[in-house]
Amino acid sequence: MQTTPQNIKAKKSAHTLKINDVLYSSWGYEQTNVDFFQVVRTTAQSVWVKELKQQKVATADMSGTTTPLINEFKENAKERMHRVKHGDSIRIESYTSASLWDGKPVCYSSYA
């Protein structure tokens, strides 16, 4: 296949995320919030995710670790489409992005 500007753009746009991958987002100001999302559908440039329930383990007062409960979606969780950015991350909201979870518990903290 001959290399054209369209081919180069397509290669740059491709991502490696696949169905059932788990992404996580860590955000907050005076506390660290963590959200997990499971990929439920993909295209060459986008993914659809649903937010997962999580299991928290307190390790100190107002802090601990959390892990996702795979295939256990939050009540009223809807599929949300996101364009995949460079590095296989997606923008969840204006203040946070999500990237591939490495399988290890993630630290969280709470204010109240």
Side-chain angles (χ1 to χ4, degrees):
M1 178 165 77
Q2 183 179 3
T3 302
T4 64
Q6 291 81 12
N7 292 345
I8 292 170
K9 185 175 181 181
K11 287 180 183 177
K12 288 182 181 178
S13 300
H15 62 82
T16 62
L17 297 175
K18 55 194 177 307
I19 292 175
N20 293 326
D21 277 351
V22 174
L23 307 175
Y24 82 100
S25 172
S26 176
W27 57 277
Y29 180 67
E30 291 183 344
Q31 66 186 35
T32 304
N33 303 294
V34 177
D35 299 312
F36 292 98
F37 304 89
Q38 187 168 334
V39 176
V40 295
R41 189 165 36 135
T42 69
T43 64
Q45 297 179 356
S46 301
V47 294
W48 284 254
V49 298
K50 285 179 77 173
E51 190 168 357
L52 291 166
K53 293 179 181 178
Q54 51 188 286
Q55 181 167 348
K56 293 184 175 184
V57 176
T59 57
D61 191 31
M62 298 189 298
S63 65
T65 60
T66 184
T67 54
L69 298 172
I70 310 298
N71 294 319
E72 292 188 34
F73 301 105
K74 279 191 159 184
E75 193 172 317
N76 300 321
K78 293 180 172 53
E79 285 186 21
R80 294 174 52 189
M81 189 274 291
H82 299 276
R83 183 171 293 266
V84 180
K85 300 185 325 184
H86 179 70
D88 285 350
S89 67
I90 60 174
R91 166 121 7 237
I92 297 297
E93 299 291 346
S94 62
Y95 51 85
T96 188
S97 296
S99 55
L100 194 60
W101 179 55
D102 64 5
K104 298 176 184 173
V106 179
C107 294
Y108 75 89
S109 65
S110 58
Y111 182 65

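Just so it is clear, the structure is predicted and the values come from calculations on it, not from any experiment. Only this structure's heavy atoms are used, side chains among them; waters, hydrogens and symmetry mates stay out. Numbering starts at 1 and runs along the sequence shown.
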* **Considering all heavy atoms, the nearest K85-R91 contact** => NZ-NH2, 3.8 Å
* T43 and W48: which non-hydrogen atoms are nearest, and at how many Å? -> CG2-CZ3, 3.5 Å
Do [X] and [Y] sit in the same hydrophobic cluster, where Ile, Leu, Val, Met, Phe, Trp and Tyr count as joined when their side-chain heavy atoms come under 4.5 Å apart?
X   : Y   : answer
V47 : I70 : no
M62 : V34 : no
L23 : W27 : no
V22 : V40 : yes

I'd like to know if the side chain of [X] and the backbone of [Y] have a donor-acceptor N/O pair within less than 3.5 Å.
X   : Y    : answer
Q31 : Y111 : yes
D21 : V39  : no
T32 : S109 : no
H15 : S89  : no
E79 : R41  : no
R80 : I92  : yes
Q38 : N71  : yes

Distance (rounded to the nearest 0.5 Å) between [X] [atom1] and [Y] [atom2]:
X   : Y   : atom1 : atom2 : answer
T67 : K56 : OG1   : NZ    : 11.0 Å
K74 : E51 : NZ    : CD    : 4.0 Å
I90 : L17 : CD1   : CG    : 7.5 Å
D35 : E93 : CG    : CD    : 9.0 Å

* ring-ring contact (aromatic ring centres under 6.0 Å, His included) with F36: which residues, sequence neighbours excluded? -> W101
* Structure fact -> Applying salt bridge (Lys or Arg N to Asp or Glu O under 4.0 Å) to R83 and not counting sequence neighbours gives none
* Asked: Is S25 close to F37 at the side-chain level, that is, under 4.5 Å between some pair of heavy atoms?
  ->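 Side chain of F37 against side chain of S25, heavy atoms only: contact under 4.5 Å found.
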* **Any L69 side-chain heavy atom under 4.5 Å of L52 side chain** =>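 Side-chain contact under 4.5 Å: no.
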* Step through the shown structure and confirm whether more than 12 heavy atoms of other residues, nucleotides or ligands are within 6.0 Å of OH on Y108. =>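 More than 12 heavy atoms, drawn from other residues, nucleotides or ligands, come within 6.0 Å of this atom.
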